[in-house]
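Report on the following structure.
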Amino acid sequence: MNASECIFCKIVAREISSKIVYEDEKIIAIEDINPAAPLHILLIPKQHIASLNEVEEQDAGILGHIQLTASRIAKKKGISKKGYRVVNNCGVWGGQTIAHLHYHLLGGREMAWPPG
Ligand code: 5GP
Ligand code: ZN
């Protein structure tokens with residue numbers, strides 16, 4: 001998919017509206033439009049990277065930054081003590097539906113394992 005047609009690039013560019021919970025120069029975190037848990041936030045790098053299959057050594061900083069931000073948001077939203085889940089769906093079998101790298105932060109209920 002071309003980055004100019006990408007839903008998450010459009011959200012980053014404010015061409016599509018979203019409920020933003022955190023933003024800095026590298027990433028944006030938004031509420032998922034179809035939440036799978038009481039708290040469901042998407043952490044999205046502003047740079048268009050199609051999936052975890054496409055990351056390079058140079059992307060290590062952004063990947064670390066996303067995890068640190070997920071941890072901070074979980075604390076701020078009050079879900080850290082009971083626990084939560086951070087998920088990346090990669091490719092067709094991983095269940096990825098939007099071809100712009102993103103991590104799901106899910107919390108507010110007990111999670112099952114293994115995932116479906
Ligand atoms: P994936 O299935 O690719 O791992 O996750 C894509 C996620 O993006 C889904 O949980 C879906 O509900 C969410 N989503 C799809 N379109 C939009 C949108 O326009 N706005 C927001 N906030 N979330 C979206
Ligand atoms: Zn994109």
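Start at 1 and go down the list; that is how both ligands and their atoms are numbered.
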Nearest-0.5 Å distance, OH of residue Tyr22 to OG1 of residue Thr69: 5.0 Å
Spacing of Leu63 atom CG and Asn88 atom CG [to the nearest 0.5 Å]: 9.0 Å
Interfacing atoms of ligand 1 (cut-off 4.0 Å, heavy-atom, [X]):
| X | answer |
| --- | --- |
| Phe8 | 8 (O) |
| His102 | 1 (P), 3 (O), 4 (O), 5 (O), 6 (C) |
| His104 | 1 (P), 4 (O), 5 (O), 7 (C), 10 (O) |
| Gln96 | 3 (O) |
| Asn34 | 12 (O) |
| Leu42 | 8 (O), 13 (C), 23 (N) |

For [atom], the protein heavy atom that lies nearest, with its residue and separation:
| atom | result |
| --- | --- |
| atom 10 (O) of ligand 1 | Asp32 OD2, 2.5 Å |
| atom 22 (N) of ligand 1 | Glu31 O, 2.9 Å |
| atom 17 (C) of ligand 1 | Ile33 CG2, 3.7 Å |
| atom 19 (O) of ligand 1 | Ile7 CG2, 3.9 Å |

Pairs meeting criterion salt bridge (charged side-chain N to carboxylate O under 4.0 Å, His left out) with involvement of residues 45-68, two or more places apart: Glu23-Lys46
If only protein N, O or S atoms under 2.8 Å count, total around the Zn ion (ligand 2): 4
Ile16 reachable from Ile20 in the ILVMFWY side-chain graph, under 4.5 Å edges: yes
same_hphob_cluster(Val86, Ile44) at 4.5 Å side-chain heavy-atom cutoff: no
From Val21, Ile41, Leu42, residue fulfilling side-chain contact (heavy atoms from CB on, under 4.5 Å) relative to Ile30: Leu42
Residue part near ligand 1, for Val87, under 4.0 Å between non-hydrogen atoms: neither
Check: Ser18 N/O within less than 3.5 Å of ligand 1 N/O: no
Within-4.5 Å side-chain heavy-atom neighbours: Leu101 and Ile62: no
Nearest non-hydrogen partners of [X] and [Y], listed with the distance:
| X | Y | value |
| --- | --- | --- |
| Ala36 | Leu106 | CB-CD2, 4.1 Å |
| Pro38 | Arg109 | CD-CG, 3.8 Å |
| Ala74 | Leu105 | N-CD2, 4.1 Å |

Main-chain N/O of Pro45 paired to His100 side chain as donor or acceptor, under 3.5 Å: yes
Option of least heavy-atom distance to atom 2 (O) of ligand 1 (set: Asn88, Ile98, Thr97, Leu106): Thr97
Mutual orientation of the aromatic rings belonging to His104 and His40 [parallel < 30°, tilted 30-60°, perpendicular > 60°]: tilted
